[in-house]
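Everything below concerns the one structure shown next.
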Amino acid sequence: MNRIDKIPLSEAVLREKEAQYCSHGDTAHYSPKPKFFQGCEGSFLYDREDKPYLDLQMWYSTVNFGYRNQRIVEAVIAQLEQLPQLAGQYLHEEKVLTAEKLAIECLRAFGIKGRVQFNVGGSQAIEDSIKLVRIATGKSLFMAFTGGYHGRTLGASEITSSYRYRRRFGHFSNRAHFVPFPYCYRCPYDMKLESCDYYCVKQFERLFETEYNSFWDAKAEEPEFVAFYVEPVQGVGGYIVPPPEYFLRLKKILDERKILLVDDEVQMGFFRTGKFWGIEHFGVKPNIVVFGKTLTNGLNPLSGLWAEEPLISPQAFPAGSSHSTFSSNPLGTAAALATLQWIEQQNYERKVAESGAYFLGQLEDLKKRHTAIGDVAGLGLALRIEVTQADRITPNRALADRIFELGLAGGIPTSRGPMGLVLNVVGHYKNVFGLAPCLDITKGEIDLAIELLDWLFTHCTEKP
Ligand SMILES: Cc1ncc(COP(=O)(O)O)c(C=O)c1O
C-alpha cells in the first residue's frame with residue numbers, strides 16, 4: 001500500500017489548518033510541533049514518508065496487543081457489518097459476554113462476586129466509581145497518591161494530585177487527601193527500603209491515631225475520607241513500582257478504618273505488568289476496579305469498572321445511575337470481547353515476565369554505560385528510565401525532552417536502517433521515560449530499542 005498517495009494535502013497545509021481550527025485543549029501537545037503519523041503495524045508507527053518509528057509507549061499502554069492486531073480488527077469489521085449501532089437501552093451479545101469475562105477475571109483474582117458497567121473513557125469510568133462510593137458511603141472525600149493520575153474530567157482531576165490540572169477550573173467537590181507515594185528511589189521520607197520497615201505506612205496509620213489528626217471519628221467509628229484511589233504501578237507518575245509489602249500493609253489499615261480501595265487499572269491492567277490486573281502482584285482485594293485504554297486494544301473508546309455486588313447491585317445502583325449514549329456501544333464491546341479472547345489464547349503471564357526480565361536486564365546494562373540514567377526498574381513490561389544529571393539523582397528534564405524530540409525526528413542509524421523512537425515522558429519531575437512496549441515485542445525489537453536509546457543518550461549528552 002502506498003500510504004503517501006492516500007494523503008492529498010501537504011503537511012504544511014495541514015499544519016495551517018490545525019493552527020486555525022484545532023483546539024489544543026484536547027491534547028497533551030508535549031512537542032512544540034507535534035508529529036503527523038499515517039500508518040502503524042505491530043510495534044511500529046510510520047510517518048508521512050513511510051519512515052518507521054519503534055513505539056515504546058503504544059498510545060500510553062492502549063495498544064498492548066500490537067497496532068492493527070488482525071484478530072481484533074476482524075472482529076470489529078464483522079461487528080461493523082452486522083450490528084454496528086444500537087441504543088444502550090437494548091442488549092447485544094458482545095456486551096453481556098464482555099461483562100461476564102471481566103467479572104470472571106475479578107472473581108478469579110479476588111474471589112469476590114461483582115458486576116461490570118461500561119463507559120467511554122478512563123476518566124468517565126473513574127467518575128462512575130466516584131458515584132458508587134458516594135452512594136455507598138454518603139461522603140465525597142477521598143484519598144489518593146501524590147503523583148497519581150486518574151483523568152481530567154472535573155471529578156477525576158480532584159483525585160489526581162497535580163494542581164496544574166485543577167488550577168484554572170475551580171473545585172467540583174470531591175476533594176482528596178494526597179498520601180506520599182512509596183517512590184523508594186526518591187523516598188518522600190529520605191529513608192532506605194532495606195532499613196525503613198515501611199515507615200511510610202506507619203505515618204499513614206498515624207493519621208487515625210487521634211480525632212485531632214482530622215481523619216477519624218473514634219466515637220462514631222467513621223472515617224471522613226471514604227475511599228483510597230490507587231494505581232498498582234504509578235503510570236503518569238513515572239512507572240513507579242511500590243515495594244512488595246506496601247499494599248498489603250496499607251490495605252490492613254484501610255479495612256480497619258472502613259475505607260474502600262479503588263484500584264485504577266486503566267494503564268496497568270490487561271497484562272502490562274505481567275498479570276491480568278496489576279494489583280494481583282500485591283495480594284490485596286479491591287472493592288472497585290476501573291479499566292479502559294487497552295480493553296479494546298485502542299480500537300474504540302470503551303472503559304468500565306467492576307465493583308463488588310453490594311456496591312453495584314441493581315438495588316444499590318439502578319438503571320440511569322450513570323449513562324452515556326456510547327457506553328457499551330456494539331463496536332466497542334465487540335473489540336473488547338475480541339481483545340479478551342485474544343488474551344485467553346496467549347500466555348501473557350509467561351511472555352511478559354520473560355520479555356520484561358530481558359528488557360530490564362538490557363536497561364541495566366544501558367544504565368552502566370550512561371551516567372545520565374539514574375534508575376531503571378519495572379514490573380513486567382511496565383518499565384522506567386529515570387533521566388538525571390551525572391550524579392544519578394538530580395532530575396534532568398531538559399535531557400529527557402531532548403531525547404524525546406530527537407527520537408521523534410527519526411532517521412537514527414540502526415542495524416535495521418534509519419529509525420525513529422516513540423517515547424513517553426512521565427514522572428513527578430517529568431524526567432522519566434515510562435516504557436510501555438507492545439506485549440508481543442520480540443527480542444530483536446528489544447535489542448533495537450536499546451540500540452536507539454544508546455544512540456540517543458550518547459548524542460544528547462555529548463558536549464558540542
Ligand atoms: C491510571 C489512569 N487512570 C485514568 C486515566 C484516564 O483515562 P482517559 O484518558 O481514558 O480518560 C488514565 C489515562 O492516562 C490513567 O493512566
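Hydrogens, waters and symmetry mates play no part in the numbers below; they use all other heavy atoms, side chains included. Read the numbers this way: they start at 1 and go in the same order the structure lists the ligands and their atoms.
With hydrogens left out, the protein atom closest to atom 11 (O) of ligand 1 is Ser123 OG, 2.5 Å, a heavy atom. Atom 16 (O) of ligand 1 has as its closest protein heavy atom Gln267 NE2, 2.8 Å. Here the protein heavy atom with the shortest distance to atom 13 (C) of ligand 1 is Lys293 NZ, 3.2 Å.
Donor-acceptor pairing under 3.5 Å is lacking for the side chains of Asn424 and Tyr60. A donor-acceptor contact closer than 3.5 angstrom links the side chains of Tyr239 and Gln267.
The shortest separation from a heavy atom of Tyr149 to ligand 1 is under 4.0 Å, placing the residue in contact.
Each of the atoms 1 (C), 2 (C), 3 (N), 4 (C) of ligand 1 lies under 4.0 Å from some heavy atom of Asp264. Ligand 1 places these atoms under 4.0 Å from at least one heavy atom of Glu231: 1 (C).
Taking the salt bridge (charged side-chain N to carboxylate O under 4.0 Å, His left out) definition, one finds that Glu308 meets it with nothing, sequence neighbours left out.
Note: His177 and Phe215 have perpendicular aromatic rings, judged against thresholds of 30 and 60 degrees for the angle between ring planes.
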Only pairs under 3.5 Å count here: list side-chain donor-acceptor contacts from residues 294-302, not counting sequence neighbours, and write none if there are none.
| residue | atom | partner | partner atom | Å |
| --- | --- | --- | --- | --- |
| Thr294 | OG1 | Thr62 | O | 3.0 |
| Thr294 | OG1 | Asn64 | N | 3.1 |
| Thr296 | OG1 | Gly298 | N | 3.3 |
| Thr296 | OG1 | Leu299 | N | 3.3 |
| Thr296 | OG1 | Asn300 | N | 3.3 |
| Thr296 | OG1 | Asn300 | O | 2.7 |
| Asn297 | OD1 | Asn64 | N | 3.3 |
| Asn297 | OD1 | Phe65 | N | 2.9 |
| Asn297 | ND2 | Gly66 | O | 3.0 |
| Asn300 | OD1 | Asn329 | ND2 | 3.3 |

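Within 6.0 Å of OH on Tyr165 lie more than 12 heavy atoms contributed by other residues, nucleotides or ligands.
By the 3.5 Å distance cut-off applied to N or O atoms, Gly122 is counted among the residues near ligand 1.
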